[in-house]
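Letters A, B, ... mirror the listed sequences (proteins, then strands); counts begin at 1. No hydrogens, no waters, no symmetry mates; every other heavy atom, side chains included, goes into these values.
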There are 2 protein chains.
Amino acid sequence: MRAGVGIGGWEDIRAEVLRRIRVRDWPPGAMIPTEEELATEFGVARATVNRALRELAVAGVLERRRKAGTRVAALPVRKATLDIPVIRQEVEARGQRHSFRLLSQAEAVPPVPVASRLGLGPEQRMIYLETLHLADGQPFVFETRWLNPLVLPAPLPDFATVSANEWLVAHVAYALGDIAFSAAGATPREAAVLGVAEGAALFITERTTWTAEAPITAVRLAHAPGYRVQTLV
Amino acid sequence: MRAGVGIGGWEDIRAEVLRRIRVRDWPPGAMIPTEEELATEFGVARATVNRALRELAVAGVLERRRKAGTRVAALPVRKATLDIPVIRQEVEARGQRHSFRLLSQAEAVPPVPVASRLGLGPEQRMIYLETLHLADGQPFVFETRWLNPLVLPAPLPDFATVSANEWLVAHVAYALGDIAFSAAGATPREAAVLGVAEGAALFITERTTWTAEAPITAVRLAHAPGYRVQTLV
DNA sequence: TCGGTTAATATGTGCAGACATAATAACCTC
DNA sequence: GAGGTTATTATGTCTGCACATATTAACCGA
């Protein structure tokens with residue numbers, strides 16, 4: 001950063017470009033000047049302009065192509081970034097105390113939808129866990145998890161004491177995953193565990209993770225009513 | 001990129017660092033070498049290592065602090081990036097035909113929750129729109145929207161013909177917004193419009209946007225059953 | 001030993017110059 | 001003109017160097 005001067009950094013360039021887009025100096029779909037031209041105008045190096053424009057492109061505000069140049073996105077596909085924390089952190093971030101209870105543990109062949117989501121054969125046995133997470137003693141989220149025993153290092157912990165999620169993070173080399181959000185009516189089991197009416201609208205998070213070769217775990221989180229996922233754009 | 005050589009770019013550095021984290025050469029919580037040391041090891045400039053490590057920090061895999069150094073995140077707060085497209089694009093991306101019907105348009109004082117979410121006084125009148133979006137003729141999402149007439153440029157379009165969302169993107173300088181996801185039972189109105197049972201679990205998206213000074217719009221999207229938001233991590 | 005000042009250090013960002021790459025535009029041939 | 005080749009151009013990235021900044025670690029005096 002230039003000594004003493006409060007302007008000229010890439011964040012300032014980004015802010016100024018964004019301002020021009022928002023006041024429609026550069027309306028949606030319009031081409032904007034080249035990096036070279038902007039660098040000259042702002043009196044900075046091209047690399048600095050590049051950094052600013054790149055960030056805006058990642059955010060979905062600009063579209064860039066070599067040789068073609070840079071244009072303002074016509075229909076900005078806004079990219080919202082969500083933090084997916086560990087449940088304990090999520091509860092504690094709300095200023096509440098986190099605890100959990102292991103409700104059941106078993107070894108079984110998963111149902112077909114879970115098996116296919118994990119890319120498993122029909123006979124592969126897995127570990128099944130049901131855990132209720134509490135915030136200040138109130139039901140917060142009901143977790144049902146399938147674990148692939150083939151990729152877990154021995155010895156397995158006592159999942160009544162150790163959160164499966166946090167143990168996995170600390171002991172298994174993950175590689176890929178996907179997350180999905182949806183809504184579903186509470187199943188009888190979920191209704192009983194969370195203390196809500198059967199069929200009540202629940203927010204559902206489903207996560208699947210793999211190592212490079214094999215599936216690790218599939219989790220379904222049924223959140224207590226009132227749960228929201230929120231983010232700034 | 002170095003001529004002819006397929007390695008040595010920042011993406012390769014990022015991949016190699018990620019590999020070492022995943023095979024636990026560098027386990028969660030561990031410090032990793034300094035940029036200088038990695039640059040020497042890989043035979044690249046420090047700026048290249050910096051780019052790679054910065055991306056991993058943004059992704060939540062690394063935690064970096066000046067002078068303190070870089071460590072592997074102990075409890076990786078995974079950052080999931082969601083694309084929030086325009087509804088028309090969303091429908092078309094599924095290979096379906098998009099259409100919509102304006103169900104009602106009025107000018108009214110919004111209910112208190114909406115007014116407070118927008119930071120409005122209790123008497124501010126707004127435009128209220130109800131729109132049903134269809135995918136291949138089937139109900140896809142029911143949109144209820146409050147629009148601030150004070151920030152809209154004249155003339156207003158015919159919202160029966162022009163999607164409010166796309167008109168806004170093209171004509172109003174937005175600045176900030178927030179998005180929230182939740183689940184809710186279908187209200188009588190939503191049930192009738194979407195053709196589902198009252199109380200059925202619906203996935204709800206709520207968006208609010210502002211200019212620098214004034215609120216622009218608050219939207220509630222009630223998605224037809226089966227809707228999912230999905231992303232890779 | 002405590003508390004505050006100073007030095008050391010890893011990351012954050014800047015610059016100028018160079019070459020790579022992708023995609024368009026210009027050109028040339030038939 | 002149509003089709004294929006070549007030149008041009010804007011972005012993408014790398015290098016090497018410099019200085020800023022935030023923290024920590026070392027130091028030192030009361």
Side-chain angles (χ1 to χ4, degrees), chain A residues 1-18 20-21 26 29-74 76-77 79, chain B residues 1-18 20-21 26 29-74 76-77 79:
Chain A
M1 209 167 294
R2 275 111 52 103
V5 183
I7 60 166
W10 68 268
E11 291 184 286
D12 297 303
I13 308 290
R14 180 184 61 179
E16 172 60 15
V17 169
L18 200 49
R20 292 186 186 184
I21 292 171
W26 297 332
M31 299 294 300
I32 74 171
T34 67
E35 294 186 347
E36 202 95 44
E37 290 165 341
L38 290 174
T40 302
E41 179 190 343
F42 293 127
V44 299
R46 187 171 76 89
T48 306
V49 173
N50 180 277
R51 174 81 189 270
L53 298 187
R54 192 198 328 134
E55 301 265 335
L56 289 171
V58 167
V61 174
L62 294 176
E63 291 168 1
R64 322 196 70 199
R65 273 173 37 236
R66 282 176 174 157
K67 160 75 181 175
T70 302
R71 65 171 63 245
V72 181
V77 176
K79 270 138 183 139
Chain B
M1 210 167 294
R2 275 115 49 115
V5 183
I7 59 167
W10 70 268
E11 290 184 286
D12 298 302
I13 309 290
R14 179 184 61 179
E16 172 60 14
V17 170
L18 201 49
R20 292 185 187 184
I21 292 170
W26 297 334
M31 300 293 301
I32 75 171
T34 67
E35 294 185 347
E36 202 96 45
E37 291 166 339
L38 290 174
T40 303
E41 178 190 343
F42 293 127
V44 300
R46 186 172 77 88
T48 306
V49 174
N50 179 276
R51 173 80 188 269
L53 298 187
R54 192 200 325 138
E55 301 265 336
L56 288 171
V58 168
V61 174
L62 294 177
E63 291 169 0
R64 323 196 70 200
R65 270 169 45 232
R66 283 176 178 165
K67 159 77 182 177
T70 303
R71 65 172 64 245
V72 181
V77 175
K79 267 133 183 141

> When all nucleic acid strands are considered with a 4.0 Å heavy-atom cut-off, which category describes Arg54(B): base, sugar-phosphate, or nothing?
Replying inline: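 It contacts nothing in the nucleic acid.
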> Using a cut-off of 4.0 Å on non-hydrogen atoms, how would the nucleic acid contact of Ala47(A) be classed: base, sugar-phosphate, or nothing?
Replying inline: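 The answer is nothing, as Ala47(A) stays clear of every strand by at least 4.0 Å.
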Can you tell me how far [atom2] of [N] sits from [atom1] of [X], to the nearest Å?
| X | N | atom1 | atom2 | result |
| --- | --- | --- | --- | --- |
| Glu35(B) | dG16(D) | CD | C1' | 15 Å |
| Trp10(A) | dC15(C) | CH2 | C1' | 17 Å |
| Arg64(A) | dT24(C) | CZ | C1' | 17 Å |
| Leu62(A) | dG12(D) | CG | C1' | 15 Å |
| Ile13(A) | dC15(C) | CD1 | P | 8 Å |
| Phe42(A) | dG14(C) | CZ | P | 13 Å |
| Glu11(B) | dG12(D) | CD | C1' | 10 Å |
| Glu63(B) | dT23(D) | CD | P | 14 Å |

> More 5' along DNA chain C: Arg66(A) or Thr48(A), using each one's nearest nucleotide?
Replying inline: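 Final value for this comparison: Thr48(A).
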Side chain of [X], heavy atoms from C-beta onward: which of [options] has the nearest atom to it?
| X | options | value |
| --- | --- | --- |
| Arg65(A) | dA8(C), dG12(C), dT24(C) | dT24(C) |
| Lys67(A) | dA25(C), dT23(D), dC15(C) | dA25(C) |
| Thr70(A) | dT13(C), dT11(D), dT15(D) | dT11(D) |
| Ala45(B) | dA10(D), dT21(D), dT15(D) | dT15(D) |
| Arg46(B) | dA22(D), dG14(C), dT13(C) | dT13(C) |

>> Would you compute the distance between atom CD1 of Ile13(B) and atom CD of Glu11(B) and round it to the nearest 0.5 angstrom?
In response: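 Those atoms lie 11.0 Å apart.
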>> Once rounded to the nearest 0.5 Å, what's the spacing between atom CD of Glu63(B) and atom CG of Leu56(B)?
In response: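 One gets 12.5 Å once the value is rounded to the nearest 0.5 Å.
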> What does the inter-axis angle of the helix from dT1(C)-dA30(D) to dC30(C)-dG1(D) come out as, five pairs per end, nearest 10 degrees?
Replying inline: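 Inter-axis angle at the ends, rounded: 0°.
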Are [X] and [Y] side-chain neighbours, meaning at least one heavy-atom pair lies under 4.5 Å?
| X | Y | value |
| --- | --- | --- |
| Leu62(A) | Ile21(A) | yes |
| Val49(B) | Val17(B) | no |
| Phe42(A) | Asp12(A) | no |

> So Leu38(B) and Leu53(B), side chain to side chain contact (heavy atoms under 4.5 Å, CB included) or not? Walk me through it.
Replying inline: CA-CA 10 Å; Leu38(B) 290 174; Leu53(B) 298 187; 4.1 Å; yes
> Between the main-chain N or O of Thr70(B) and the side-chain N or O of Arg64(B), is there a donor-acceptor pair closer than 3.5 Å?
Replying inline: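 Not confirmed, Arg64(B) side chain does not pair with Thr70(B) backbone.
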> Can you find a donor-acceptor N/O pair under 3.5 angstrom joining the side chain of Arg51(A) to the base of dT13(D)?
Replying inline: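 Not at all, since no donor on one side and acceptor on the other fall under 3.5 Å apart.
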> Any chance CD of Glu36(B) has more than 12 other-residue heavy atoms, nucleotides or ligands included, within less than 6.0 Å?
Replying inline: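 Open: at most 12 neighbouring heavy atoms sit under 6.0 Å from CD of Glu36(B).
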> dT11(D) phosphate, OP1 or OP2: any side-chain N/O from Asn50(A) under 4.0 angstrom?
Replying inline: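 Answer is no, no contact under 4.0 Å.
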